[in-house]
A.B. asks: 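Once you've had a glance at the structure underneath, I'll fire off some questions.
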Amino acid sequence: MFHTLQKTFRAYFIGIILTFGLSTQMKAQIMDAFVLKKDGAGLCPGGQIRVYIDPNPNYVLYYWEILRPSGWSGVAVSGVSGPSLSHNEALPYRLRVEDVNGITYYSQQLNVVLLTPPPSIITPSPNVTQICQGEDVKLEANPILTAFYKWEYNNTILPENGLSITARKAGTYKLSVTDQNSCTTVSTPYTLSYFSSLVVQLNTVPTICDVNASPLNLQGSPAGGEYRGVGVTDKVLGTFSPSVAGVGDHEIEYAVRNSGTCPEIVEKINIKISEPKAIINNSLNRTDLCNGESVLLSGTPGFATYEWFLNGSSVNTMKDLTVSATGDYSLKVTDAENCSNTSAPVRINFFTASATSMDAVASVCGTNYSPITLNGAPSGGIFTIDNLPATVFDYKKLGFGKHVINYKVNGVLTCLNGESSQEVYISPYPKIDLGNDIFLGKGNAVTLKGYIGNDYTYRWSPSNDLDNPNIANPLASPMQTSEYILSVTSDRGCESKDTIKINVYDKVYVPTAFSPNGDGQNDLWELSGINNYPDAEIQVFDRWGSIVFYSKGNYLPFDGTNAGNPLKEGTYIYKIYLYPNHPIFQYNGTLTILR
């Protein structure tokens with residue numbers, strides 16, 4: 001409330017002055033009339049701070065003052081008679097201004113504090129000043145939140161700006177740390193030197209234009225080192241093979257063993273295998289034009305020379321070529337390394353009549369096919385699939401059924417407006433389910449059930465023991481276990497297959513007793529017909545439920561022993577599983593061993 005009254009009084013007072021004028025003997029002075037601002041939080045040591053006010057066209061004279069121990073005094077700096085001041089003292093500031101009517105205004109006092117600069121310390125890890133060539137030292141800065149780090153090597157600014165860098169070369173390193181207040185501190189220089197003065201050199205290699213050029217031997221000194229890098233096929237001789245390296249920039253090393261305990265010294269060069277790209281840019285972004293039009297073909301800027309060819313004959317050596325005739329146009333470019341490349345021919349067609357067409361899209365069975373990009377001629381038309389805009393034919397998304405592709409050219413070339421269409425069928429594979437395997441008593445027959453509809457053809461294989469292999473539900477009467485494959489083909493040629501197994505079983509004769517006494521008669525428990533079941537599983541238990549005999553697969557007759565020891569005379573329980581996965585086909589009973 002007080003401040004509101006104060007402002008109201010000040011405005012009233014100024015109004016009176018402006019209304020009645022001021023005498024030359026009395027000038028109005030108004031304190032705390034406006035706010036003084038500053039750039040930043042304070043003054044960085046050794047720097048300057050800018051203080052200012054917002055522009056006011058009524059102010060004509062400016063007097064900057066600083067509060068020193070002796071009181072307010074003017075700032076002795078040239079060029080400060082304006083609404084801003086850059087100065088280097090951390091003291092209170094204020095500004096006195098006069099307006100066009102001679103009224104004096106004082107700003108509010110602005111205190112400028114001296115900021116504490118951020119520390120800038122380089123800590124080497126390990127703490128050394130000498131290293132072997134090829135080694136490195138990690139230089140770390142003291143971490144400061146929101147600070148910016150600038151590293152220098154031999155007075156050259158490095159691209160790294162993080163908390164640490166890896167120093168690999170001898171020389172002088174410095175660190176500048178700038179905090180969030182833009183105060184900067186430069187560290188004490190850190191100088192790194194080498195233990196050894198051995199100098200390794202590797203001669204440079206001119207750009208190679210042909211990736212299939214003959215191998216060359218690199219030249220390094222002193223002798224006895226090892227060559228390394230992509231494309232080096234002989235590390236001792238320094239043989240470099242362009243075909244092994246391939247196109248691109250390849251860093252090659254020459255490593256020489258150092259003296260003493262220092263590791264080897266490595267010198268590096270870059271071998272460039274050039275492949276300039278001859279790219280033809282089309283001003284119309286189309287290759288089909290009407291007679292009477294023209295198109296500007298341009299090469300990519302930056303090459304040393306250009307040469308245009310029409311149907312194989314040179315026609316121009318400029319970067320750009322204006323084309324108004326049908327033909328195959330190609331461009332040869334040569335770069336600064338004198339490496340050349342010729343583009344593939346670009347066919348430019350000039351038409352006089354409509355001839356709209358599109359690439360064929362195949363009808364298929366199933367949907368597991370990659371999408372096909374739709375292409376039409378002349379270019380620039382619009383594709384639709386089932387009346388919806390499209391650029392690709394996606395079998396999976398479109399799904400089963402008939403799909404109509406339409407290509408319409410309208411407006412791109414007035415002389416080639418037209419339309420074409422095609423039908424594509426995506427048909428499902430027949431769904432066959434022959435069910436579970438069948439168990440059939442020997443000498444019997446069973447009807448196989450493969451029918452899924454009338455619009456299919458059926459074929460069974462093998463045809464053995466089938467009354468008709470070309471119908472859906474043939475009668476099968478195999479005398480031994482057999483597998484049958486059913487192939488079903490739709491009216492669109494889509495084929496599916498399924499397999500069913502008919503397990504033909506016969507009775508097994510199981511003796512209820514045998515006498516393993518070595519007299520040559522009934523010494524073995526033989527199971528007549530068991531060999532018809534190659535996966536049969538036989539178990540024999542004693543009266544306490546412990547298993548004394550086990551067989552799975554090819555049956556070797558039980559001889560009345562367990563682990564080589566004769567079993568006692570008595571009654572035992574047996575279980576015979578003809579098909580272990582189908583417990584219904586089993587024999588259970590008792591077996592007597594006689595001695």
Side-chain angles (χ1 to χ4, degrees), residues 122-141 149-175 189-276 335-339:
I122 296 178
T123 303
S125 178
N127 189 13
V128 297
T129 57
Q130 281 188 309
I131 59 171
C132 297
Q133 295 184 60
E135 292 182 343
D136 56 59
V137 175
K138 184 178 182 182
L139 304 183
E140 296 183 289
Y149 300 88
K150 181 177 73 175
W151 295 89
E152 295 183 21
Y153 168 71
N154 288 345
N155 296 321
T156 298
I157 297 174
L158 298 175
E160 295 87 346
N161 58 7
L163 282 170
S164 65
I165 63 170
T166 300
R168 296 183 174 89
K169 294 183 179 181
T172 300
Y173 295 82
K174 289 191 296 184
L175 169 66
Y190 169 78
T191 301
L192 185 65
S193 61
Y194 293 137
F195 282 117
S196 171
S197 60
L198 177 64
V199 177
V200 176
Q201 291 184 332
L202 180 58
N203 293 352
T204 59
V205 176
T207 298
I208 299 172
C209 297
D210 184 4
V211 72
N212 295 312
S214 299
L216 66 149
N217 289 331
L218 306 175
Q219 301 295 322
S221 64
E226 181 179 271
Y227 298 87
R228 305 168 186 157
V230 176
V232 174
T233 58
D234 190 315
K235 296 182 179 180
V236 177
L237 296 179
T239 304
F240 178 82
S241 172
S243 62
V244 173
V247 173
D249 291 339
H250 305 284
E251 186 177 77
I252 305 300
E253 297 181 346
Y254 180 59
V256 179
R257 186 177 297 279
N258 205 342
S259 59
T261 60
C262 286
E264 63 184 14
I265 300 177
V266 178
E267 183 64 19
K268 301 178 181 180
I269 62 170
N270 187 69
I271 298 180
K272 181 176 183 179
I273 301 177
S274 180
E275 187 183 43
D335 62 16
E337 286 80 24
N338 203 32
C339 296

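Atoms considered below: every heavy atom in the structure, side chains included; atoms not considered: hydrogens, waters and symmetry mates. These figures come from a predicted structure and were not determined experimentally. Each residue takes its place number in the sequence, starting with 1.
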A.B. asks: N161 side chain to K150 main-chain N or O, any donor-acceptor pair under 3.5 Å?
C.D. replies: no

A.B. asks: Might you point out which heavy atoms bring V266 and A255 nearest each other, and give the distance in Å?
C.D. replies: CG2-CB, 3.9 Å

A.B. asks: Can you check side chain to side chain contact (heavy atoms under 4.5 Å, CB included) on L175 and L139, steps first, answer last?
C.D. replies: CA-CA 10 Å; L175 169 66; L139 304 183; over 6 Å; no

A.B. asks: Check step by step if side chain to side chain contact (heavy atoms under 4.5 Å, CB included) holds for Y194 and I131.
C.D. replies: CA-CA 5 Å; Y194 293 137; I131 59 171; 4.2 Å; yes

A.B. asks: Hey, are the side chains of N155 and K174 touching, using non-hydrogen atoms and a 4.5 Å cut-off?
C.D. replies: yes

A.B. asks: What closest approach, in Å, do V230 and V244 show between heavy atoms, and which atom pair accounts for it?
C.D. replies: CG1-O, 4.5 Å

A.B. asks: Tell me, with the steps shown, if L202 and Y227 meet side chain to side chain contact (heavy atoms under 4.5 Å, CB included).
C.D. replies: CA-CA 10 Å; L202 180 58; Y227 298 87; 3.7 Å; yes

A.B. asks: List the residues meeting side chain to side chain donor-acceptor pair (under 3.5 Å) with S243, not counting sequence neighbours, and say none if there are none.
C.D. replies: S241

A.B. asks: On a heavy-atom basis, which atom in F240 and which in V232 lie closest, and how many Å separate them?
C.D. replies: CD1-N, 4.2 Å

A.B. asks: Which heavy atom of I208 sits nearest to which heavy atom of A213, and what is that distance?
C.D. replies: CG2-CB, 4.1 Å

A.B. asks: Rounded to the nearest 0.5 Å, what separation is found between the OH atom of Y254 and the CD1 atom of I265?
C.D. replies: 11.5 Å

A.B. asks: Identify the heavy atoms of P242 and S214 that sit nearest to each other, and give their distance.
C.D. replies: CD-O, 4.0 Å

A.B. asks: At their closest point, which heavy atom of R168 faces which heavy atom of D136, and how far apart are they?
C.D. replies: CG-CB, 3.6 Å

A.B. asks: Report the distance from atom CD of E337 to atom NZ of K272, rounding to the nearest 0.5 Å.
C.D. replies: 4.5 Å

A.B. asks: Would you say CD of Q201 has more than 12 non-hydrogen atoms from neighbouring residues, nucleotides or ligands within 6.0 angstrom?
C.D. replies: no

A.B. asks: With rounding to the nearest 0.5 angstrom, report the CD1 to CD1 distance, I271 to I273.
C.D. replies: 7.5 Å

A.B. asks: Could you go through D335 and T207, starting from their C-alpha distance and side-chain angles, then the distance that decides it, and tell me whether this counts as side chain to side chain contact (heavy atoms under 4.5 Å, CB included)?
C.D. replies: CA-CA 11 Å; D335 62 16; T207 298; 5.8 Å; no

A.B. asks: Taking Y153 for its side chain and A170 for its backbone only, find out whether a donor-acceptor pair lies under 3.5 Å.
C.D. replies: yes

A.B. asks: To the nearest 0.5 Å, tell me how far T172 OG1 sits from L192 CG.
C.D. replies: 9.0 Å

A.B. asks: When rounded to the nearest 0.5 angstrom, what is the spacing between CD in E275 and CG in D210?
C.D. replies: 10.0 Å

A.B. asks: If you measure from CG on N154 to OH on Y173, what distance do you get to the nearest 0.5 Å?
C.D. replies: 7.5 Å

